[in-house]
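Only this structure's heavy atoms are used, side chains among them; waters, hydrogens and symmetry mates stay out.
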Amino acid sequence: MKKILFILFAFLAFTKADAQVLDPAKWTTSIEKKSETNYILTFNAVIEKDWHIYSQFTPDGGPLPLEIIFKDQKGNFDLVGKAKESKTTKAFNDVFGVDEIFFHDKAQIQQEIKLINTKVTAIQAELNYQICKEVCINLEKKFTFKIPGAAATAVTTEKLAVTDTKLDTVKTDTAAAITVTAKEDIKPVENKTAEQPKPATEKGLWSIFLLAFFGGLIATFTPCVFPMIPMTVSFFLKQSTNKVKGKFNALFYGFCIVAICVVLTVPFHILEGISRDIFSEISTNVYLNLTFFIIFVVFAISFFGAFEITMPNKMANKVDNASNTGGLIGIFFMALTLIIVSFSCIGPALGFVFGTSLNSDGGAKILSLAMFGFGLGLALPFMFFALAPSLLSNLPKSGGWLNTVKVVFGFIELALAFKFLSNADIGLDLHFLEREVFISIWIAIFGTLGLYLFGKITLPHDSPFSHISVGRMLLGLITFAFTIYLIPGLWGAPLKLVSAFPPPMTYSESPNGVGNRSVMNENVLPKGAVLGVHNLMSFEDYEQGLAYAKKVNKPVLIDFTGKQCVNCRLMENNVWSDESVLKILKNDVVLISLYGDDKKVLPLNEQYISKETGSEINTIGEKWSEFQIQRFKNNSRPYYVLLDLNEKELNTPVSYTSDIEEYETWLKAGISNFKK
């Protein structure tokens, strides 16, 4: 158990990739002049013992075939026929049900080309292939053939698995392709206070679980995971003495995936035990948000095909060796290997689940629930097809569409990265990334995604295609529709579908919309009052707001909120914007908005040491977070409290409540109690 925990925490450490890469084939190349315009390009490989490379002629439905991709071909040169291969071996693979064709010991591929442009001095080519022993590795190798020159040796550059997949480590009798990835659930999770066992709380928890679950399920359609499903299920069913045991092993494999995802959240429970406000401090930390921004941008560029991100190779090899132990322990390490070697695909999704959960102010419990849902979604296909293996044949075949999925996820990752940059900008109150700039960036990202889906833009690892599929066309139409939907946001439209992501209207060049003026003259506001969202007058100091409430004889509505709080924005844009709710907020209560993540430093004479935690209270946000914890024994955001003029609660406080009618009823009940 200690060893397992050590490996799990090592995974959390996010160490840099090891430079050593498993490479069972050594390649050389040459070019031979056949005529004034024709040349023969030759690829030679020496393959290590017991390893084999699948041929380009491997039938559909089997392992991934070798593929040759030539760069800048159009207008420069033509291919003369199909590439020729040296001697291959044919053997029936009962996992895939096809005759697989492969090289062993050595391989030679020759492709004749005819130059069209005589000014071409070099031909660039890539080999994408799968090499297997007990495990399968997808490799990409780049070559440059210099022209002219008879038998001129080319320069070779290599890198590991930059296309669809990476090192996959499910053991099989006849090794074949195995891969893994994930996309993250992109919707914000809902937070609920543990002190509110209300129906809205239950709905919020279910929303968190379901969103994360579908995120994990979607992850199975990425290049790293999808090809692994039939291989893993077939392995368990074939290696067991009977089908019942095989199904049990596959189900246990899925259980281990879920357990590992949940165990990753244990350190956060420990941190929460040290400080109840730790999640607020983490989620609003400027440097953490900047780190998430950089990580998401790097992952997005990787998804576009610029480079590959892998976990340390030594770690993967050690865990893979442990999977040879056998029994349930071996199965556990197989599940752990799956997560480690697929890190470049599921890493962004894990990062988004962690980042969004931390920003939800829901505590470690919310994070664990989200990771449980994500792990279950990722593991479910393995368990389902283990129980119904006959349905494996209905799965779509692997192909270029998996790289398209990966690129689409790259665009989504890039868009989400700017949410974290926005959090940092708002936290520092720099106004560099205001609402209009943020929306403009999203319009550019999703507009480019639409062009990509319609084939107007291609990226390095896209396969050539003569037409787009119906599914790709429909997704392109949806993307363009979404892009057009964003455009009015530049002039003040609320954009309720994505209201949790852009900065609020108050953090923009035109807070009231382009060409609109405030309905209230800010010069006649009471002392300490400001105009906030929906032109609501609010106070950002509790004592000033309470004094004004006593003057006008209205109840106090304390809005414990945050500048970077996702669910606060959802409440303001989707619930407070309702006509009946907005009328109550404007006329029947005195609104006091206390920002728990305000980084402005308090005057020295107002700084103090917390009696609750013993920590220094130096900023406005720390002051109001401390006030919320001490007074109401709660630290979630948003959190709403109705008080009378003697500072007594008029009804039970509530947190995030997406149901407009339920929130309106809560407001009316408190106001009714105030009037009694």
Side-chain angles (χ1 to χ4, degrees), residues 8 11-12 180-194 200-222 224-226 229 253-269 272 279 282-283 292 295-296 299 335-336 338-339 342-343 345-384 405 408-409 412-413 415-417 419-420 497-498 500-501 565-567 569-570 636-637 655-656 658:
L8 288 176
F11 173 67
L12 272 175
V180 200
T181 178
K183 172 60 209 86
E184 62 72 345
D185 175 73
I186 66 168
K187 295 187 179 180
V189 295
E190 299 180 2
N191 54 11
K192 297 289 180 180
T193 171
T201 302
E202 295 175 5
K203 287 188 285 185
L205 293 176
W206 272 108
S207 298
I208 294 166
F209 172 79
L210 290 175
L211 289 172
F213 170 78
F214 283 115
L217 196 61
I218 292 173
T220 62
F221 290 96
T222 50
C224 305
V225 178
F226 187 78
I229 296 174
Y253 176 80
F255 169 80
C256 289
I257 293 175
V258 177
I260 291 169
C261 288
V262 174
V263 169
L264 293 177
T265 68
V266 169
F268 294 90
H269 287 271
E272 191 175 42
F279 273 72
I282 293 175
S283 63
F292 270 111
I295 290 173
F296 271 51
F299 271 115
L336 182 58
L338 165 69
I339 293 176
S342 63
F343 179 74
C345 291
I346 68 173
L350 288 173
F352 185 72
V353 171
F354 270 76
T356 307
S357 299
L358 292 174
N359 274 287
S360 72
D361 298 306
K365 179 183 69 174
I366 299 297
L367 179 59
S368 294
L369 181 64
M371 289 299 291
F372 174 77
F374 178 82
L376 185 62
L378 186 63
L380 186 62
F382 295 93
M383 297 187 287
F384 173 78
V405 171
V408 170
F409 285 168
I412 295 173
E413 289 291 333
L416 294 177
K419 172 59 180 172
F420 294 103
L497 287 178
V498 293
F501 292 94
C565 172
V566 171
N567 286 341
R569 302 292 84 77
L570 288 174
S636 67
R637 291 195 290 266
S655 57
Y656 179 88
S658 59

Chemist: At what distance, to the nearest 0.5 angstrom, does CE of M383 lie from CZ of F255?
Modeler: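 Between M383 CE and F255 CZ, I get 10.0 Å after rounding to 0.5 Å.
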Chemist: Calculate, to the nearest 0.5 Å, the distance between atoms CD and CZ belonging to E413 and F296 respectively.
Modeler: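 If we round to the nearest 0.5 Å, E413:CD and F296:CZ are 5.0 Å apart.
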Chemist: Using every non-hydrogen atom in the two residues, find where A212 and A370 come nearest and quote the distance to one decimal.
Modeler: CB-O, 3.0 Å
Chemist: Which atom pair, heavy atoms only, marks the closest approach of C565 to R637?
Modeler: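 Distance-wise, the nearest heavy atoms are SG-O, 3.7 Å.
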Chemist: Measuring from F409:CZ to L416:CG, what's the distance to the nearest 0.5 Å?
Modeler: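 Here the interatomic distance stands at 11.5 Å.
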Chemist: Output the distance between atom CG (L210) and atom CG (L217), rounded to the nearest 0.5 Å.
Modeler: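 L210 CG to L217 CG: 11.5 Å, rounded to 0.5 Å.
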Chemist: Looking only at heavy atoms, what is the nearest atom pair of I257 and G375, with distance?
Modeler: CG2-O, 4.0 Å
Chemist: How close do P381 and L378 get, counting heavy atoms only, and between which atoms?
Modeler: CD-O, 3.6 Å
Chemist: Which residues pass the ring-ring contact (aromatic ring centres under 6.0 Å, His included) test with F213, sequence neighbours left out?
Modeler: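 F213 satisfies ring-ring contact (aromatic ring centres under 6.0 Å, His included) with no residue once adjacent residues are dropped.
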Chemist: Give me the ring orientation class for F382 and Y253: parallel if the planes are under 30° apart, tilted from 30 to 60°, perpendicular past 60°.
Modeler: perpendicular
